[in-house]
There are 2 protein chains.
Amino acid sequence: MTDPPSTPPPVRQTRQRAAIAAALAECDEFMSAQQLHELLRQRGNPVGLTTVYRSLQALGEAGEVDLLVNDDGETMYRRCSAHHHHHLVCRDCGRTIEIAGPAVENWADAMAAEHGFTDISHTLELFGRCPACSVS
Amino acid sequence: MTDPPSTPPPVRQTRQRAAIAAALAECDEFMSAQQLHELLRQRGNPVGLTTVYRSLQALGEAGEVDLLVNDDGETMYRRCSAHHHHHLVCRDCGRTIEIAGPAVENWADAMAAEHGFTDISHTLELFGRCPACSVS
DNA sequence: ATAGGTGCAAAGCATTTGCAGCAGC
DNA sequence: GCTGCTGCAAATGCTTTGCACCTAT
């Protein structure tokens, strides 16, 4: 059902894909498809919004980018590799702090192994009110 | 700006709110606004979709329900209290296992406090391939 | 030449908002 | 009776899809 060894899907090299890959490579923070689209436009390397969505979706399925959905329902994308970390986001001003949690990574793996699950990945985001927004 | 001691917002008791609160009290899993709306309709206690959204939003701000956004961009709601746990989801068959992680809860709080953040909440989901789907 | 890629415009969905009528207090 | 609550319909915003043209191979 997942296509037999007949039509291996070739991946064609295009200006748009190169631009998207380059942008993702530079910024290793999460970016929405709309932000990425705007960024490419400002750079004078415009790519159709549709293409941005389709490319990011393809990259996601290929496991080359991680994706998560923020509180506004926007899907955020980030190139996979690099250092793996999580985010502490202020729910008022949107300020974001990167945090690393080896303990959590280990816990997640252990918990998954305990239930016989393999090929594990996880999403973890912390939300709160930052010091600046707390003083009000 | 955050309203002075002038107009304390009273909360009015209505059939709709009671129905929503009751439904949330029975099912302590995450539910989308649409699912909740449909559930109430089937029970013969129809509540307008708009009202469901507004009530859930109000409950969220009041801190009486937790909310998260799933991979499809739908906002999910769950009554706050009760046992807090996370999910281990099979990316192939969708089977879901509930897992509790006191260690993670503590880690999250500590990490947030370290950066001066308050009013913390977090979302954590594990994805993998379950034993049944691994044999293939 | 041909299949895959691109992008405009339109469709889909979940959610929000305007507004007129209804119901707690 | 006043004010908040309700819910229909319309609007909004992100994302997906239809379709005709373009281009890397």
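Lettering of chains follows the sequences in order, A, B, ..., and the numbering in each one begins at 1. Values reported hereafter were calculated over all heavy atoms of this structure, with side chains retained and with hydrogens, waters and symmetry mates removed.
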Between Arg78(A) and Glu64(A), is there a salt bridge with N-O shorter than 4.0 Å?
no
Length of the OH-P vector between Tyr53(B) and dT6(D), whole Å
16 Å
For the rings on His122(B) and His86(A), is their centre-to-centre separation under 6.0 Å?
no
Can you confirm whether the side chains of His37(B) and Gln42(B) place a donor and an acceptor under 3.5 Å from each other?
no
Select one nucleotide: of dT25(D), dT6(D), dA14(C), the one nearest the side-chain heavy atoms of Arg12(A).
dT25(D)
Asp72(A) CG - dC13(C) P separation (whole Å)
22 Å
Any side-chain N or O of Arg15(A) below 4.0 angstrom from OP1/OP2 of dG5(C)?
no
In whole angstroms, the gap separating P of dG5(C) from CG of Leu56(A) amounts to 15 Å
Rounded to whole Å, CD of Gln34(A) lies from C1' of dC14(D) at a distance of 6 Å
Any donor-acceptor pair under 3.5 Å between the side chain of Arg54(B) and the base of dG4(D)?
no
Thr50(B) (side chain) and dC8(D) (base): donor-acceptor pair under 3.5 Å:
yes
Looking at CE of Met76(B) and CE of Met31(B), how far apart are the two atoms once the value is rounded to the nearest 0.5 Å?
8.5 Å
